[in-house]
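Only heavy atoms go into these numbers, but all of them, side chains included; no hydrogens, no water, no symmetry mates.
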2 protein chains.
Amino acid sequence: MSEDGRQDGGARRGRRPRMADVAARAGVSLVTVSRALGQPQLVSPETRQRVTAAVAELGYLPDLVAGSLASSQTRIVGAVVPTLANSFFAASVQGLSEVLDAAGYQLLLGNSGYDTRREQSLAAAFLGRRADGLVLTGSRHEAALRGVIAGAGVPVVETWELPAEPLDMVAGFSNDAAAEAMTAGLLDWGYRRIAFVGLPDGGESRSDQRRKGWRRAHADRGLEAGPHIAVEDANSPVGGEAALERALALAPAVDALFCANDTLALGAIVACQKAGVAVPGRIAVAGFGDFDLAPHLVPGLTTVRVPGGEMGETAGRMLLDRLAGRRVEPRVVDLGFEIVRRASA
Amino acid sequence: MSEDGRQDGGARRGRRPRMADVAARAGVSLVTVSRALGQPQLVSPETRQRVTAAVAELGYLPDLVAGSLASSQTRIVGAVVPTLANSFFAASVQGLSEVLDAAGYQLLLGNSGYDTRREQSLAAAFLGRRADGLVLTGSRHEAALRGVIAGAGVPVVETWELPAEPLDMVAGFSNDAAAEAMTAGLLDWGYRRIAFVGLPDGGESRSDQRRKGWRRAHADRGLEAGPHIAVEDANSPVGGEAALERALALAPAVDALFCANDTLALGAIVACQKAGVAVPGRIAVAGFGDFDLAPHLVPGLTTVRVPGGEMGETAGRMLLDRLAGRRVEPRVVDLGFEIVRRASA
DNA sequence: TCCGATGATGAAAGCGCTATCATCCGCTAC
DNA sequence: GTAGCGGATGATAGCGCTTTCATCATCGGA
C-alpha cells in the first residue's frame, strides 16, 4: 500500500475522511462502501477487500451519528441508576455494559441521585438522543415518564424491584419477599426481638418494601415486629453504628438487627467490635445485598444475596431480544434472591 | 390548551412530532422553532411563548441525533474505566457524570476489563459516535490509540495516573509518590520489614507504580525493601487473606504489609482478626485508596487517600472548558494524595 | 426625509450516512 | 435463442435538524 502522499481518492487534507472518500479511493460507489461495512455478504469478496484496504489507508471511522439518523436506530441504550457510589448498582451497570458491548451497543449512563425528577429528565434526554432502549432502577417514577416512554415507543426494563404496574419489561426481584424470608429466618433461628434498620417511612421505595417484608414476617406468625430504627443515610456505615447504639439502649432488649443493606450492617458489626458486644451472642446482625465483603467481615455477614449483576445482564438481553424483533416472554422476570447464613446471625 | 384531537398543525397520527410539526402548530417557520429552543434570546418573547406552548401540546422531544449531525457536536463524552465493580473508579465516574450532567452533556460509558485492546476499541466506538471528548483511565494504551484520537481531534483526559507522555490533558495523581510516602511513613513509624502486597510485575500499571514507590522509599534510605507478595486478583479480599498467611511464615519476620489497595488490606486485616494476630502489634497493615469502609474497619485502616471523585470532576471540567473554547492551563493537573493514619499502622 | 443599524424571521443548503429502487450482467431453463 | 432470475452495484432521496445568508420591518440620527 502506498504510504506516500494523498492520492486521487484521498480525503481532502485536514478533514476527516467520509464514506465518499473511501468510495473514491476504492473505486466504487458510496453505497457499496456502506454495504461492505454493514452487510459484507452483499458485496463480492474482491470489492469488500478493496474497501477494507481503503478504510485502513484513510483511517476511516464511520460516523455513527449520520448512520443513526439515516437508519433511525442508534444502538445506544440509556440507563439510569440512583448512584454509582454503591457497589450494588455498579454491579448491575457492569453486567448491562458487558451484554450490550458484546452486541455492539453502547451505554449512556446517568445517575438520578434517588430523585425521580432527575430520573425523568435523564430518561427524556436519553430518548432525545434516540436511545434504542432504556434501563431504569426501581418502580417509582414521575407520572409523566410513562407518557414520554410511550411516545418514544422504545422498550424499557425496570430493575431492582417487581413493580405492580410495569412500564414494559422487568428484570428484578421482590424486596419484600426477600426481607420477609430473611426475617423469617431470624425468627426460625430463635431471635425474638428483631429491629429493622433503614430509612424512615417513604424515604425510598426499596427500603420501604424491605421494611414491609420484615413486618409481614412477624404478622404472619402473629408476632409483633420490633422497633424500626430509622437512619438518615442508608449508604454509610455510620448509620449502622448509630443504630447499634440505639438498639442496645432499648428495652425490652433487641436481640437482632435486620439492616436494609449490607453497608448499614457493616457499620453495626464494626460498632459491636468496638464496643465489645458479642455478635451474634448479645445481638445478631443481618444485612441485605451480600456485597463482596460480606463473607470477609468478622463475623461473616448473614444477608440476602440479590442478583445485582444478573439484573443488568438480563435487562440487557431482554432489550436486545426486543430490538432484534423477538418476542420477550415473560416480560417480568423475577431473578429471585437467596438467604446466605453466615456467622453474624 | 385543546386536548381534543389533533389540529391543523398537529403531527400526523402515530408519528413522533418533528420540528416542522411544532412550527406549523405555532404558526412560525421551522428555523424559528430551532432558535426558540436553542438560542431563545434571538426570538421575541411572544413567539418564544407560542413555540413553547406548541412543544408542550405536541409532546415534542427534539431529535438530538439530527441536531448533532447538523451541528457536528454531540454533547456526549465517552469514558472508559477498567471496571465498575470497584468503588474507586465508580467514584470517578460519579464525579464525571455529575459535572457533565450539570452542563447538559451525557456520558457514554464503557469498561475495558483492564484490557488495552478493549479500551482501544471502546474509544474508537465512542469517537465513531462523534463524542465531543474522552476520559480514559491510566496511561497505558494501545499504540494505535494516539493516532485515532489525533485523527478525531477531540480533547482527552487521562486519569488515575500522571503519564510521562500525556495524550492531551491529565487529571490524576502520582501513584509512585503516594506509595513512596506511605512507605516512608511506615518506616518513620518504626516498621522495619515492610512487604508489598499486589499484582505480579507487569500485571497492571498502577500496581507497578505503587510497588516502585515502595521500593524507592527503601532505596532512598539505603534500606533493602521487604518481600513482594504477589496476588492473582487485586480486587478481592481473598488475596489479602492469602498474603497475610504467607507473610506470617516469612523469616526474618515481616512487621508491616503495604497493600496495593484497600480491598487487599481489608482481606489482610480480616485474616488477622480470624487468626488472632494483633494489628498493628504483630503486624501492621496499610492500604491504598481510602475507600468508604476504611475508617470503619477494626482497627481503622491506615491508607492513602486518593482523589477518586475529584479526578472525575476535574476531568469533566477540563473537557468542558476546552469544548467551550477556553484554554486549559495547566494541561496536567496533579490532584495529590494524602496519607491517612489510623490504627492499623 | 432618508439612511444605516438593529432585531426578528424565513428560505435553502447541507451534515454523512442508509433505504429503496433501478440497472446491469451472466447464467440457467425451456 | 431468449425469457427469467439472482447477484452485484449504483443513483437518488431522504433522516431531522443547524447554519448561513437573505429579507423585511422598525427606529434613531443627520
Side-chain angles (χ1 to χ4, degrees), chain A residues 11-12 15-51 54-55 58-76 104 125 127-132 151-153, chain B residues 11-12 15-51 54-55 58-76 125 127-132 151-152:
Chain A
R12 293 158 267 172
R15 267 195 69 289
R16 78 174 57 172
R18 299 173 306 175
M19 201 171 259
D21 300 318
V22 176
R25 179 125 190 168
V28 297
S29 79
L30 182 152
V31 208
T32 301
V33 175
S34 174
R35 270 194 285 255
L37 265 28
Q39 298 139 265
Q41 74 283 3
L42 295 184
V43 167
S44 77
E46 313 88 79
T47 308
R48 197 185 310 157
Q49 136 72 19
R50 293 236 305 287
V51 170
V55 165
L58 295 172
Y60 171 70
L61 203 57
D63 186 327
L64 300 182
V65 172
S68 295
L69 180 60
S71 68
S72 55
Q73 64 146 332
T74 53
R75 294 193 157 255
I76 283 184
L127 293 176
R129 299 211 179 269
R130 294 301 179 254
D132 288 340
Chain B
R12 293 158 264 172
R15 267 192 71 288
R16 78 173 57 172
R18 301 173 304 176
M19 200 170 259
D21 299 319
V22 176
R25 179 123 189 171
V28 297
S29 79
L30 183 152
V31 209
T32 301
V33 175
S34 174
R35 271 194 285 256
L37 265 30
Q39 297 139 264
Q41 75 283 1
L42 296 184
V43 167
S44 76
E46 313 88 79
T47 308
R48 197 186 312 157
Q49 135 74 19
R50 293 236 305 287
V51 170
V55 165
L58 294 172
Y60 171 69
L61 203 58
D63 187 326
L64 300 182
V65 172
S68 296
L69 179 62
S71 68
S72 55
Q73 65 147 330
T74 53
R75 294 191 158 255
I76 283 185
L127 294 175
R129 301 212 179 267
R130 293 302 180 255
D132 289 340

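Remark: B:Y60 is in phosphate contact with D:dC17, judged by side-chain N or O atoms under 4.0 Å from OP1 or OP2. Taking only side-chain nitrogens and oxygens, A:S44 comes nearer than 4.0 Å to OP1 or OP2 of D:dT9. In this model, the phosphate group of C:dT9 is approached by a side-chain N or O of B:T47 to a distance below 4.0 Å at OP1 or OP2.
The two atoms that bring B:A26 and B:R50 nearest to each other are O-NH2, 2.8 Å, heavy atoms only.
Going from atom CG of B:L42 over to atom P of D:dT23 covers 20 Å, rounded to whole Å. Look at CD on B:Q39: it is 13 Å from P on C:dA8, rounded to the nearest Å. Remark: C1' of D:dC17 and CZ of B:R18 are 11 Å apart, rounded to the nearest angstrom. Between B:D63 atom CG and D:dC15 atom P the separation is 12 Å, expressed in whole Å. In this entry the distance linking CG of B:L64 with C1' of D:dG16 reads 11 Å, nearest Å. Between the CG atom of B:D21 and the P atom of D:dC17 there is a distance of 9 Å, rounded to whole Å. Whole-Å rounding puts the A:R130 CZ to D:dC17 C1' distance at 11 Å. Rounding to whole angstrom units, CZ of residue A:R129 and P of D:dC17 are separated by 14 Å.
Nucleic acid contact class of B:S71 (heavy atoms, under 4.0 Å, all strands): sugar-phosphate only.
Of the two residues near DNA chain C, B:V43 and B:A66, the one whose nearest nucleotide lies more 5' is B:V43. Each of A:G67 and B:Q41 was matched to the nucleotide of DNA chain C holding its nearest heavy atom; the match closer to the 5' end belongs to B:Q41.
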task: Applying side-chain contact (heavy atoms from CB on, under 4.5 Å), run through A:I76 and A:R129 and close with a yes or a no.
output: CA-CA 9 Å; A:I76 283 184; A:R129 299 211 179 269; 5.9 Å; no

- prompt: Passes side-chain contact (heavy atoms from CB on, under 4.5 Å), B:L69 versus B:V65? Steps please.
  reply: CA-CA 6 Å; B:L69 179 62; B:V65 172; 5.8 Å; no

message: Does B:V55 form a side-chain contact (heavy atoms from CB on, under 4.5 Å) with B:L37? I'd like the steps, not just the answer.
response: CA-CA 10 Å; B:V55 165; B:L37 265 30; 4.2 Å; yes

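An end-to-end axis angle of 40° holds for the helix from C:dT1-D:dA30 to C:dC30-D:dG1, taken from five base pairs per end and rounded to 10°.
The distance from the CZ atom of B:R48 to the CD atom of B:Q39 is 12.0 Å, given to the nearest 0.5 Å. We find the CZ-CG distance between A:R16 and A:L58 to be 13.5 Å, quoted to the nearest 0.5 Å.
Using a 4.0 Å cut-off on heavy atoms, the residues of residues 28-37 of chain B that approach DNA chain C are B:V28, B:S29, B:V31, B:T32, B:R35, listed by number.
The shortest distance between side-chain heavy atoms of B:L64 and B:R75 does not fall below 4.5 Å.
With sequence neighbours left out, the salt bridge (Lys or Arg N to Asp or Glu O under 4.0 Å) criterion links B:R130 to A:D63.
Results of the side chain to side chain contact (heavy atoms under 4.5 Å, CB included) test with A:R35 over A:V43, A:V28, A:T47 single out A:V43 as the only residue that passes.
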